[in-house]
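Below you'll find the structure, written out as C-alpha cells, and then a few comments.
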There are 2 protein chains.
Amino acid sequence: MNISDAAKHTGLPAKTIRYYEEIGLVTPPRDTNGYRVFGETELHKLTFLARARALGFAVKDCRTLLALYEDQSRASADVKRIARTHLNEIEAKIADLIAMRDTLSHLVQACAGDDRPDCPILKGIETTSSVKA
Amino acid sequence: MNISDAAKHTGLPAKTIRYYEEIGLVTPPRDTNGYRVFGETELHKLTFLARARALGFAVKDCRTLLALYEDQSRASADVKRIARTHLNEIEAKIADLIAMRDTLSHLVQACAGDDRPDCPILKGIETTSSVKA
DNA sequence: GATAAGGGTTCTAGTTACTGGAAGGTCAAG
DNA sequence: CTTGACCTTCCAGTAACTAGAACCCTTATC
C-alpha cells in the first residue's frame, strides 16, 4: 500500500505521515523504487496515532503511548497516569475558555454593533481584570 | 519608565513587550542610552493588548482591535464582528474539548491503573471513532 | 579607579505539529 | 512517447513567544 492509500485508511494527510516517519513514529519499509510501503503494522500504528491525536494527546505523549501500546508487558498504570494528566490539562483549558466565553459574550451582547464609535467591547477590554489564571 | 517597570504594570514579560515592539504593536521612544521609555500611551496600549490576549484574541486581531481602540471615528460594528467571530471559535474549541474530555474520562475511569498490561485506555484509542469534527 | 550587581540592548535559535510549494523521479494508459 | 497522477526530497513558513549568549549602561561600594 502506498502513502495515499495509507492516508485514506487513517484519515491522516500524506504530509503528516511523512512527518511522523521523519520524527520516528513510524518506519515503513521502502519499495525498490523508493516508495514507502505500508503494511498492517504501520497502518495500525498510524490509526492509533490519529486517534490519540484526536483525543488531544501531544505528539510526545503519543510516542510514549505507542510504545506502551506495543509493549505487551506494560503496566496499565503508566498509561493511566499519562491519560489523567492530559485529562487535567483538558479540564483546565475548558475552564479557561469558558471564562473567556462568559466575559466575551457579555461584552458582545452589550455592544450595539452599529456605525457609532461607542463600544462596550473596547471599553470592556480596557477594564477587564484578569480572565486567565 | 523602563521596560521592567512596564512589565510590572502590564503583567507582560519584558520579552513579550520587546516582541510586541518588533511586530509593530507598540513603538516606545528611546532614551539617549538606547533604553525604551514607556509613557502613558504605550502603557495603555500594552494593557489593552494584555487583556485582549487574555480574552484569547489572536495577535492579528489584537492589532485590529488596537487600531479601532485608537480610532475615535470607528464603528462599533467592526469591533463586534471581530468579537463575535472569536466567540464562535471559542465555542467550537470548548465543544471539541468537551468531546475529548468525555471520551477520555470514560477511558480513564475504566482503567484499573495497576501493574497489569490490560488497559482499556489503549484499547479505547485503538477503537475510538472520530472524536473531532 | 576598579569592580560587581542589576538593569538594559541586540541577535540567533528553539518551541509545536504540521503545511505549502518547488524540483524532479516513477508508473500506467493511450 | 507523452500525459497525468503518483511518488520522492528539501526548504520555508506558520503562532507567539521564550531561552540564551554577548555585550553596553548605571549605580554603589571599596
Side-chain angles (χ1 to χ4, degrees), chain A residues 1-39 42 45-46 48-66 85-86 89-90 93 96-97 100 132, chain B residues 1-39 42 45-46 48-66 82 85-86 89-90 93 96 100 132:
Chain A
M1 187 183 292
N2 282 345
I3 199 167
S4 66
D5 289 318
K8 268 169 216 143
H9 275 264
T10 60
L12 292 169
K15 282 262 182 194
T16 300
I17 297 176
R18 289 195 194 98
Y19 172 70
Y20 286 170
E21 185 195 34
E22 192 188 322
I23 62 173
L25 288 178
V26 290
T27 45
R30 301 299 183 109
D31 208 339
T32 48
N33 57 14
Y35 288 17
R36 290 168 183 83
V37 180
F38 295 86
E42 300 302 316
K45 287 212 236 173
L46 285 173
F48 183 90
L49 286 169
R51 285 171 178 165
R53 293 285 299 129
L55 284 169
F57 285 101
V59 166
K60 194 174 192 255
D61 285 339
C62 290
R63 192 187 299 275
T64 310
L65 289 173
L66 193 55
T85 300
H86 178 47
E89 289 164 5
I90 290 177
K93 249 182 220 164
D96 269 8
L97 287 173
M100 283 182 202
K132 220 178 192 172
Chain B
M1 186 181 293
N2 282 345
I3 198 166
S4 65
D5 290 319
K8 270 168 214 144
H9 276 265
T10 60
L12 292 169
K15 283 261 182 194
T16 300
I17 297 176
R18 290 197 193 96
Y19 172 69
Y20 285 170
E21 185 196 34
E22 192 187 322
I23 62 173
L25 287 178
V26 290
T27 46
R30 300 300 182 108
D31 207 340
T32 49
N33 56 13
Y35 287 17
R36 290 168 183 82
V37 180
F38 295 86
E42 300 302 316
K45 288 212 237 172
L46 286 173
F48 183 89
L49 286 169
R51 286 170 178 165
R53 292 287 297 130
L55 284 170
F57 285 101
V59 165
K60 195 173 190 255
D61 285 339
C62 290
R63 191 187 300 275
T64 310
L65 289 173
L66 193 56
I82 295 168
T85 300
H86 178 46
E89 289 163 5
I90 291 177
K93 251 182 218 162
D96 269 7
M100 283 183 203
K132 221 177 194 172

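Predicted model only: the values in this text are computed from it and were never measured. Numbers restart at 1 for each chain; the letters A, B, ... are given by sequence-line order, proteins then strands.
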Nucleotide [N], atom [atom2] - distance to [atom1] of [X] in whole Å:
X	N	atom1	atom2	result
A:K60	C:dT16	NZ	P	8 Å
A:E21	D:dC7	CD	P	14 Å
A:Y19	D:dC11	OH	C1'	16 Å
B:E22	D:dA19	CD	C1'	15 Å
A:D5	D:dA5	CG	C1'	13 Å
A:M1	D:dC6	CE	P	15 Å
A:F38	D:dC7	CZ	C1'	11 Å
A:D61	C:dT16	CG	P	11 Å

Counting only side-chain N and O atoms of [X], is one of them less than 4.0 Å from OP1 or OP2 of [N]?
X	N	answer
B:N33	D:dC24	no
A:R36	D:dC7	no
A:T16	C:dA17	no

(message) Once you apply a heavy-atom cut-off of 4.0 Å, does A:R18 come out as touching a base, just sugar-phosphate, or nothing?
(response)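 A:R18: base contact, heavy atoms under 4.0 Å.
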If I compare all heavy atoms of [X] with all of [Y], which pair ends up nearest, and what's the gap?
X	Y	answer
A:G56	A:H86	O-CE1, 2.9 Å
A:V37	A:R30	CG2-C, 4.2 Å
A:A58	A:R53	CA-NH1, 3.9 Å

Strictly under 3.5 Å: I want the nitrogen or oxygen pairs between protein and nucleotides 2-7 of chain C, one per line.
| from | atom 1 | to | atom 2 | distance (Å) |
| --- | --- | --- | --- | --- |
| C:dG7 | N2 | B:Y35 | OH | 2.9 |

(message) For a side-chain contact (heavy atoms from CB on, under 4.5 Å) check, start with the C-alpha distance between B:T10 and B:L49, then their side-chain angles and the critical distance, and finish with the verdict.
(response) CA-CA 9 Å; B:T10 60; B:L49 286 169; over 6 Å; no
(request) Please tell me which of the listed nucleotides, D:dT18, D:dA16, C:dA17, lies nearest to the side chain of B:A58? (result)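 Closest nucleotide among those given: D:dA16.
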Once you round to the nearest 0.5 Å, how far does [atom1] of [X] lie from [atom2] of [Y]?
X	Y	atom1	atom2	result
A:L55	A:R51	CG	CZ	10.0 Å
A:L46	A:Y20	CG	OH	8.5 Å
A:T16	A:I3	OG1	CD1	9.5 Å

(message) Let me spell it out: for each of A:V59 and B:K15, pick the nucleotide of DNA chain C with the closest heavy atom. Which residue's pick is nearer the 5' end?
(response)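 Residue closer to the 5' terminus by nearest nucleotide: B:K15.
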